[in-house]
Amino acid sequence: MRSFGIEAIAFPTVVIFVVTFIVTHHVTKRRIGSMIAASIKAGLFAAYFGFFFDGSYTFLDDWTYIAGGAQLLHGEVGITNLQENWSLLGSIAGGDHFFYYLYNSYAFRLFGEGYYAPVALNVLATVAIAWIGTGLATIEFNLGRRIYRWLFFFLLLHPDILAWSNIMNGKDILVLLLHVILLVAVSNAFRGYIYRALWFAVPSIGILLFLRFYVPLLFGVALISTWLLIGFRHRLKFLIISGAWIWFAFVWIGQDYLISTLALVRGDFVNPLYGFFRILLTPTPMSASGPYEFLIIPAIIHWGSLPFFLLGLRRVWVTRTPFAMFLVSYLFVFLALYAVYGELQGPRHRVQLDYAWALLQFIGAVALLRRRRMVARVETMTSRGSGAIRTIQANAQ
């Protein structure tokens, strides 16, 4: 399998550069920084698909999405005629999870028919993740303007997100974007903007039911967990919202499908303690081989940044705001499922948690830098004070 010619990847490369530059400059107001970020995003995409792509870092699912998306494209199936083609969508996807096939077909319409097209769309999705995620963190954690800029760059160029979005055609980046939008919905609900929360939540839940059905269910569980943590008083509306959320998901999924899913979990049940640490540490840099070799550098960085993640987790937890407690609950609810179900313990499923993971890494790193700066400042003041005392004593003598 050969890489793609410049005529195929030129247009998506230009779109990635322009969109990244415009959004980055809008957020950071830094022209040079925006140019560098846009060059990295577009340059990695162009270099990989123009020179290095040979199919080594692909999986069976990727090509299934490509084939299904091409079939929808040639059959002229789109959002406007879904109802007439419902049975076709089900047969292509082998069930109700057809949305990423549709996503691939629209990527082909935008950028041409090739493996690179949905990857280009995923790269653009990471720009939205950084933009929306930075705004959410700024509201919930009162970030200053300077920290706000650095967080945007950190999310935009986060190694794990960068690797998964630039190399392979997987639905995990799209699921990650929907996670971030649902987190925005939860933030608005906690601040009393219920209608705005519904505006974000309803379309996202609708898409996820045809993409990765268990995500809305686990968000509902995390909401109930948060409600229990923040106390019963004056929190009835959040219980009603989370209960309605779960009820809707149960009704949509259906009892039979849910029972069969629980049977799958029982069939691949893993020791929770072992599974929890495995999902935290996967992939290990030593075991990232074959199609996962592109994760070696992100895995090393992931392992090295675990202390920052743990410090950030503690810093967020002690703030005790409803959203901070939800963020921690949300993270542990998803990790709890991964810990007991072996099928979900690969690195791909953890990608959908990358926003929360990266945010906690960043908060921990900032807290550590501030602490070191404060210690250095105290030491400087102490040293100056000691020097002044010695001078006074010498003058007195």
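Please read these numbers as outputs of a predicted model, since none were measured by experiment.
In terms of modelled atom types and a separation under 3.5 Å, the side chain of Ser305 and the main chain of Phe308 share no donor-acceptor contact. Side-chain atoms of Asn122 come within 3.5 Å of backbone atoms of Gly170 as a donor-acceptor pair (strictly under, hydrogens ignored). Between the Tyr106 side chain and the Ile79 main chain, a donor and an acceptor come within less than 3.5 Å of each other. The backbone N or O of Leu82 lies less than 3.5 Å from no partner atom in the side chain of Asn85, so there is not a single donor-acceptor pair. When atom types are taken as modelled, the side chain of Thr20 and the backbone of Phe17 share no donor-acceptor pair closer than 3.5 angstrom. Of the possible donor and acceptor atoms, none in the side chain of Arg320 sits under 3.5 Å from a partner among the backbone N and O of Met325. No donor-acceptor distance shorter than 3.5 angstrom exists from the side chain of Ser105 to the backbone of Gly69, with no hydrogens or angles considered. In this structure, Ser204 contributes its side chain and Phe200 its backbone to a donor-acceptor pair below 3.5 Å.
Considering only heavy atoms from C-beta on, Leu177 stays 4.5 Å or farther from Thr126 through its side chain. In this structure, Phe362 and Leu155 have side chains that are not in contact, with every pair of non-hydrogen atoms separated by 4.5 Å or more. At a threshold of 4.5 Å between non-hydrogen side-chain atoms, the residues Phe53 and Thr58 count as touching. By the 4.5 Å heavy-atom criterion applied to side chains, Phe190 and Glu140 are not counted as neighbours. Ile161 is not listed as a side-chain neighbour of Val351, based on a closest heavy-atom distance of 4.5 Å or more. The shortest side-chain heavy-atom distance between Arg212 and His349 falls under the 4.5 Å cut-off. By the 4.5 Å heavy-atom criterion applied to side chains, Asp172 and Asp354 are not counted as neighbours. Between Ile66 and Pro118, the closest side-chain pair of non-hydrogen atoms falls below 4.5 Å.
Tyr101 and Phe98 have their aromatic ring centers separated by at least 6.0 angstrom. Aromatic pair Trp164/Phe294: ring centres closer than 6.0 Å. If you look at Tyr148 and Trp131, their ring centroids are not closer than 6.0 Å. For His158 and Trp357, the ring centers sit 6.0 Å or farther from each other. Ring centroids of Phe309 and Trp303 are separated by 6.0 Å or more, keeping the two rings apart.
Put simply, Met286 and Leu281 are part of two different groups of oily side chains (I, L, V, M, F, W, Y) that touch within less than 4.5 Å, one to the next. In this structure, Val18 is not a member of the same hydrophobic cluster as Val27, with clusters built from ILVMFWY side-chain heavy atoms closer than 4.5 Å. Connection of Phe21 to Ile132 is not established within any shared hydrophobic cluster, with ILVMFWY side chains joined at heavy-atom distances below 4.5 Å, either directly or through further cluster members. Tyr193 is not connected to Ile139 by any chain of hydrophobic side-chain contacts under 4.5 Å among Ile, Leu, Val, Met, Phe, Trp and Tyr, and they are in different clusters. Under the 4.5 Å side-chain heavy-atom criterion for ILVMFWY residues, a single connected hydrophobic cluster contains both Trp86 and Phe99.
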message: Set out, in order, the CA-CA distance, both residues' side-chain angles and the distance that settles side chain to side chain contact (heavy atoms under 4.5 Å, CB included) for Ser225 and Val333, then state yes or no.
response: CA-CA 9 Å; Ser225 302; Val333 164; 4.2 Å; yes
field: Chi angles and distances behind the side chain to side chain contact (heavy atoms under 4.5 Å, CB included) call for Val215, Leu178
entry: CA-CA 9 Å; Val215 171; Leu178 293 169; over 6 Å; no
- request: Might you work through the side chain to side chain contact (heavy atoms under 4.5 Å, CB included) test for Glu293 and Tyr57, ending with a clear yes or no?
  value: CA-CA 8 Å; Glu293 279 186 356; Tyr57 305 134; 3.7 Å; yes
His302 vs Asp160, side chain to side chain contact (heavy atoms under 4.5 Å, CB included): CA-CA, chis, key distance, verdict: CA-CA 8 Å; His302 174 76; Asp160 205 52; over 6 Å; no
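Rounding to the nearest 0.5 Å places OG1 of Thr319 at 10.0 Å from CG of Asn142. A distance of 14.0 Å separates OH in Tyr338 from CZ in Phe332, rounded to the nearest 0.5 Å. Note that CG of Leu174 is 10.5 Å distant from NE2 of His179, once rounded to the nearest 0.5 Å. Taking CG from Asn104 and CG from Leu72, the interatomic distance works out to 9.0 Å, rounded to the nearest 0.5 Å. Expressed to the nearest 0.5 Å, how far CG of Leu182 lies from CD1 of Ile205 amounts to 6.0 Å. In this structure, Leu211 CG and Tyr103 OH are separated by 10.0 Å, a value rounded to the nearest 0.5 Å.
The aromatic rings of Phe49 and Tyr116 sit perpendicular to each other, their planes meeting at more than 60°, with 30° as the lower class boundary. Ring geometry, Phe334 versus Tyr214: the interplanar angle falls from 30° to 60°, so the pair is classed tilted. Ring geometry for Trp63 versus Tyr115: interplanar angle of 30 to 60°, hence tilted.
Listed here is the closest heavy atom pair of Ala70 and Phe108: N-CE1, 3.4 Å. Among all heavy-atom pairs drawn from Ala130 and Thr134, the shortest one is O-OG1, 2.5 Å. Across Tyr48 and Asn166, no two heavy atoms sit closer than the pair CD2-O, 3.7 Å. Across Leu311 and Gly364, no two heavy atoms sit closer than the pair CD2-O, 3.2 Å. Contact record, Ala46 with Ile9: O-CD1, 3.6 Å, taken as the closest heavy-atom pair. Taking all atoms of both residues into account, the shortest heavy-atom contact from Ser3 to Gly50 is OG-O, 3.2 Å.
The number of heavy atoms from other shown groups lying within 6.0 Å of CG (Leu162) is above 12. Few gaps surround CZ on Arg109; more than 12 heavy atoms of other groups in view lie less than 6.0 Å from it. By the neighbour-count criterion of 12 heavy atoms within 6.0 Å, atom CD of Glu76 is sparsely surrounded, having that number or fewer from other residues, nucleotides or ligands.
A cation-pi geometry, defined here as NZ or CZ lying under 6.0 Å from the six-membered ring centre and within 45° of its normal, holds between Arg348 and Phe59. The side-chain tip of Arg149 does not point at the ring of Phe152 from less than 6.0 angstrom away and within 45° of straight on. The cationic atom of Arg315 (NZ for Lys, CZ for Arg) does not lie both less than 6.0 Å from the six-membered ring centre of Trp317 and within 45° of the ring axis.
For the side chain to side chain contact (heavy atoms under 4.5 Å, CB included) with Tyr330, the qualifying choice from Leu353, Leu223, Leu218, Val186 is Leu353, the only one to do so. Just one of Val19, Leu124, Val123 meets the side chain to side chain contact (heavy atoms under 4.5 Å, CB included) condition when paired with Lys41; it is Val123. For the side-chain hydrogen bond (donor to acceptor under 3.5 Å, both in side chains) with Tyr100, the lone residue among Asn169, Thr64, Asp61 that qualifies is Asn169.
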